[in-house]
Student: 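Dropping the structure in here first, questions after.
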Amino acid sequence: MEAARSIVEEVNRLTLEEQKRLLESEYSELLEDRVRVERGLTLPPLPGAVEGRVVVRFAPNPDFYIHLGNARPAIVCSEYARIYKGRMILRFEDTDPRTKTPLVEAYEAIREDLRWLGVSWHEEYVQSMRLEIFYSVMREALSRGCAYVDTCGDEGKKLLASGSYCGDRDRSVEWQLERFEDMLRGVYGEGEAVVRVKTDPKHPNPSVRDWVALRIIDTARHPHPLVGSRYIVWPTYNYAVSVDDHLMGVSHVIRGREHEVNTEKQLYVYKCMGWEPPVFIHTGRLKLEGFILSKSKIRDLLSKSPQEFLGYDDPRFGTIAALRRRGILAEAIREAIMGVGIKETDATISWANLASVNRRLLDARADRIMFTANPVEHVYEGECVDAEIPYHPERPQKRTIRVCGGDKIFIDRGDIELKEVRLMGMANVKIENGKATMISRDLDYARKKKLQIIQWVPARGAVKLTIYKPEGLKLHKIKGYAEPALKEYKEDSRLQLVRFGFIRIDKIVEEEYTAILTHE
RNA sequence: GCCGCGGUAGUAUAGCCAGGCCCAGUAUGCGGGCCUUUCGAGCCCGUGACCCGGGUUCAAAUCCCGGCCGCGGCACCA
């Protein structure tokens, strides 16, 4: 004991370098390679991943547009497919025409959002087109005796809730197969028969007990937007996912934490069919500070007060379309999402963080334009000057604005009280009683006197610009004037309004511009 | 209520599985400075965290136990 203590003390007295050297020379067999993974913009290694054999999928329900939270698995999956030279699958899970009725336009809107995000996929499937496949796999499962047709109706559910089960569970395979064909033939109505997967009728989680794999939906009353009322027997999520993930060779399922119990349910299908299950990874939920992400909440707001919002891509929402419309770049979203990775804890991306990344990316490419949000007209007094304003501080291109004595210019209300300022690119002036009187054009003078350099807008040719500024649930409207150079830009341009913030031009109607403030 | 999963600075994340390179790294935010014809960007300096309590160990953010808090699930939704 004493010996051990003294040896430890001796070792501890050595510096790290000395310890390392000693280990390498005397006891190198004890050294173990411990590889440190460089993070940066890359993801942690995918458990059990083998290069060339990774197959991942993004499987949205096309009942609405996707939001930032959905983008997490989509981006992460496509990135893993890229890293491991694997395959990425896009699969639309539209197997509920009744309560989660698919939106016809959502299929293409989702593809568009994904493309914009830089997510690429190698294969695409739509589950509503694969119903026959689910039926035939079920015939096999019934034959194997690990699923059954429950014709007990509501009673079957109640029995399971109490740890018992519908007597049909114990009937013969032949009986099951015949009843299943009856279901497909339309012998039963909604709720009269379901196909259940045999699990454990006493499972601690009642929802796991013999969960429903296929049910009847009256598609005469609730037609599916893609296949109409062609089918009445529809697979549930858990069943369809298990079958498709296996058939499509998915090796890694990356999805939200809310699917943890589903994973447990799906494992019964793999076991029944003798399939090798994929690796399941559950990520935490993603929120965006100050934004509304929830599908149902957005739909709610849109239907209750449509006049208050600019649509599903209103800049106050966290849909991908909304972020795009606001002026957030796809790279910024990718960066933010790669940053949170696949952690199992919920994360709230702070707006400051996303905006900061976006600002850094935008700064390099957004031209600078002068804008006054609270324009106050002033008369310029002094000699004619040709103000040269660079489009971007890093680039040589400039525009020239000629201002002569008697010309009117707009100065922002907040800047008037500064009394003496430098009008950017133009001249140093004294501001007094609605007049801007030139002192000199000398920049050094402005530097020496530490004059504030402000933006200004010539009244002649000034462009009316309305800016929507999202703030929480509010959308402020700011009306002002921008310099004539704004007319050189088309819709969807991203600009920086000097000393105001970054904007994306949303709409141009007859010389009147509308933009959305991306962030300051 | 029952089942499950988590808890590192204001926010997010690295480290945890394989205890010592961690009096905890990075980004953002915040404070200060430099630079700059923007209050933008960039550069420099600073600020600030291992949920709590026990235990194991020479050594604990890391392993064990208990508590607290947060989240998810409990559908013939996905």
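Order of the sequence lines fixes the chain letters, A, B, ..., with proteins taken first and strands second; residue numbering starts at 1 for each chain. Just so you know, these numbers come straight off a predicted model, no measurement behind them. Side chains included, hydrogens not; waters and symmetry mates left out as well; all remaining heavy atoms used.
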Student: Is the closest basic N to carboxylate O distance between Glu483(A) and Arg368(A) below 4.0 Å?
Tutor: no
Student: Which part of the nucleic acid, if any, lies within contact of Gln455(A), taking any heavy atom under 4.0 Å across all strands shown: a base, the sugar-phosphate backbone alone, or nothing?
Tutor: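 If one applies the 4.0 Å heavy-atom cut-off, Gln455(A) turns out to touch nothing in the nucleic acid.
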Student: Quick check on Tyr481(A): does its OH atom have over 12 non-hydrogen neighbours (other residues, nucleotides or ligands) under 6.0 Å away?
Tutor: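 Result for OH/Tyr481(A): open.
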Student: What distance, rounded to whole Å, do you find between the two P atoms, one in rC50(B) and one in rG25(B)?
Tutor: 13 Å
Student: Rounded to the nearest 0.5 Å, what's the gap from CG on Asp367(A) to CG on Leu495(A)? Could you check?
Tutor: 6.5 Å
Student: How would you list, by chain and number, every residue that makes a side-chain contact (heavy atoms from CB on, under 4.5 Å) with Asn205(A), sequence neighbours excluded?
Tutor: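 Applying side-chain contact (heavy atoms from CB on, under 4.5 Å) to Asn205(A) gives His203(A), Ser207(A), Val208(A), Val261(A).
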Student: Do other residues, nucleotides or ligands put more than 12 heavy atoms under 6.0 Å from the CZ atom of Arg221(A)?
Tutor: no
Student: By salt bridge (Lys or Arg N to Asp or Glu O under 4.0 Å), which residues pair with Arg196(A), not counting sequence neighbours?
Tutor: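 With sequence neighbours excluded, Arg196(A) shows a salt bridge (Lys or Arg N to Asp or Glu O under 4.0 Å) to Asp150(A), given in chain and number order.
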Student: Just compare rC77(B), rG7(B), rG73(B) and give me whichever is closest to any side-chain atom of Arg285(A).
Tutor: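 Output: rG73(B).
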Student: What does Asp412(A) touch in the nucleic acid at a heavy-atom separation under 4.0 angstrom: a base, only the sugar-phosphate, or nothing?
Tutor: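 Counting heavy atoms under 4.0 Å across all strands, no contact is made by Asp412(A).
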Student: How would you list, by chain and number, every residue that makes a side-chain contact (heavy atoms from CB on, under 4.5 Å) with Ala355(A), sequence neighbours excluded?
Tutor: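 If we apply the side-chain contact (heavy atoms from CB on, under 4.5 Å) test to Ala355(A), skipping adjacent residues, the hits are Trp351(A), Arg359(A), His519(A).
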Student: Can you pull every protein N or O that's under 3.5 Å from an N or O on nucleotides 1-5 of chain B?
Tutor:
residue: rC5(B); atom: O2'; partner: Arg257(A); partner atom: NH1; Å: 3.4
residue: rC5(B); atom: O2'; partner: Glu344(A); partner atom: OE2; Å: 3.0
residue: rC5(B); atom: O2; partner: Arg257(A); partner atom: NH1; Å: 3.2

Student: Got a sec, which residues hit side-chain contact (heavy atoms from CB on, under 4.5 Å) with Lys287(A), two or more places apart in sequence or on another chain?
Tutor: Thr348(A)
Student: Between the side chains of Asp300(A) and Lys297(A), is the shortest nitrogen-to-carboxylate-oxygen separation below 4.0 Å, so that they form an ion pair?
Tutor: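 Asp300(A) and Lys297(A): not salt-bridged.
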Student: Looking at Glu258(A) and Arg285(A), is there a salt bridge between them, counting it only when a charged N and a carboxylate O are closer than 4.0 Å?
Tutor: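 Counted as a salt bridge, because a side-chain N and a carboxylate O are separated by less than 4.0 Å.
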Student: Would the distance check show the side chain of Asp412(A) and the main-chain N or O of Asn374(A) forming a donor-acceptor pair, the cut-off being under 3.5 Å?
Tutor: yes
Student: How many whole angstroms separate atom CG of Asn262(A) from atom P of rC76(B)?
Tutor: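 Answer to the nearest Å: 12 Å.
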Student: Among residues at least two apart in sequence or on other chains, which ones pass side-chain contact (heavy atoms from CB on, under 4.5 Å) with Val227(A)?
Tutor: Ser128(A), Met129(A), His224(A), Arg230(A), Tyr231(A), Trp234(A)
Student: Measure the distance from CG on Leu495(A) to P on rU38(B) and round it to the nearest whole Å.
Tutor: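 About 18 Å, once rounded to whole Å.
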Student: Using atom P in both nucleotides, what's the gap between rA27(B) and rC45(B) to the nearest angstrom?
Tutor: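 Each nucleotide's P atom is 11 Å from the other's.
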Student: How long is the line joining CG of Asp94(A) and P of rC77(B), in whole Å?
Tutor: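 Roughly 14 Å, once rounded to whole Å.
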Student: May I ask you to verify if any side-chain N or O of Thr95(A) is less than 4.0 angstrom from the OP1 or OP2 atom of rA78(B)?
Tutor: yes
Student: Using a strict cut-off of less than 4.0 Å between a Lys/Arg side-chain nitrogen and an Asp/Glu carboxylate oxygen, indicate whether Arg334(A) and Glu79(A) qualify as a salt bridge.
Tutor: yes
Student: Send over the distance from Arg395(A) CZ to rG40(B) P, rounded to a whole Å.
Tutor: 19 Å
Student: How many whole angstroms separate atom NE2 of His259(A) from atom C1' of rA75(B)?
Tutor: 14 Å
Student: Using both pair distances under 3.5 Å as the test, note the stems of at least 3 consecutive Watson-Crick or G-U pairs that include RNA chain B.
Tutor: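 Only these stems qualify: B:1-7 with B:68-74, B:10-13 with B:25-28, B:29-34 with B:42-47, B:51-55 with B:63-67.
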Student: Can you tell me, in whole Å, how much space there is between the C1' of rU11(B) and that of rG48(B)?
Tutor: 12 Å
Student: Suppose you measure atom C1' in rC71(B) against the same atom in rU28(B); what distance do you get, rounded to whole Å?
Tutor: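 Going atom to atom, C1' in each nucleotide, I get 24 Å.
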Student: For RNA chain B, find the residues of residues 147-161 of chain A with a heavy-atom distance under 4.0 Å and give them by number; none if there aren't any.
Tutor: Gly153(A), Lys157(A)
Student: Take atom C1' in rC58(B) and the same atom in rG15(B), then report the distance between them in whole Å.
Tutor: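 Straight-line distance between the two C1' atoms is 23 Å.
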Student: With C1' as the reference atom in both, quote the distance from rA61(B) to rC17(B) in angstrom, rounded to an integer.
Tutor: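 Between the two C1' atoms, the distance is 14 Å.
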Student: Does a nitrogen or oxygen in the side chain of Arg215(A) sit under 4.0 Å from OP1 or OP2 of rC77(B)?
Tutor: yes
Student: To the nearest angstrom, how far is Trp351(A) atom CH2 from rC30(B) atom C1'?
Tutor: 19 Å
Student: What distance, rounded to whole Å, do you find between the two P atoms, one in rG20(B) and one in rC63(B)?
Tutor: 11 Å
Student: Return the value, rounded to whole Å, for the distance between atom CD1 of Ile503(A) and atom P of rG40(B).
Tutor: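 Going from Ile503(A) (CD1) to rG40(B) (P), I get 18 Å.
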Student: Could you tell me how far apart Ile453(A) (CD1) and rC35(B) (P) are, to the nearest whole angstrom?
Tutor: 14 Å
Student: Which class fits the ring pair Tyr135(A) and Phe180(A): parallel under 30°, tilted 30 to 60°, perpendicular over 60°?
Tutor: perpendicular
Student: By nearest nucleotide on RNA chain B, pick out whichever of Arg422(A) and Glu520(A) is the more 5' one.
Tutor: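 On the 5' side of the pair lies Arg422(A).
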Student: If you measure from CH2 on Trp456(A) to CD1 on Ile401(A), what distance do you get to the nearest 0.5 Å?
Tutor: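 Those atoms lie 4.0 Å apart.
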Student: Rounded to the nearest 0.5 Å, what separates atom OH in Tyr165(A) from atom OG1 in Thr199(A)?
Tutor: 12.0 Å
Student: Which protein N or O atoms sit under 3.5 Å from an N or O of nucleotides 10-12 of chain B?
Tutor:
residue: rU11(B); atom: O2'; partner: Thr348(A); partner atom: O; Å: 3.2
residue: rA12(B); atom: OP1; partner: Thr348(A); partner atom: N; Å: 3.4

Student: How far does the P atom of rU8(B) sit from the matching atom of rA18(B), given to the nearest Å?
Tutor: 22 Å
Student: My understanding is that only residues two or more places apart in sequence, or in another chain, count here; which of them pass side chain to side chain donor-acceptor pair (under 3.5 Å) with Arg72(A)?
Tutor: none
Student: Would you tabulate the nitrogen or oxygen pairs shorter than 3.5 Å linking the protein to nucleotides 41-49 of chain B?
Tutor:
residue: rA41(B); atom: O4'; partner: Asp363(A); partner atom: OD1; Å: 3.4
residue: rA41(B); atom: O2'; partner: Asp363(A); partner atom: OD2; Å: 3.2

Student: Once salt bridge (Lys or Arg N to Asp or Glu O under 4.0 Å) is applied, do any residues pair with Glu93(A), and if so which ones, sequence neighbours excluded?
Tutor: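 Glu93(A) satisfies salt bridge (Lys or Arg N to Asp or Glu O under 4.0 Å) with Arg91(A) once adjacent residues are dropped.
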Student: Mind checking Val212(A) for me? I need base, sugar-phosphate or nothing, with any heavy atom below 4.0 Å counting as a touch.
Tutor: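 Answer is sugar-phosphate: Val212(A) comes under 4.0 Å of backbone atoms only.
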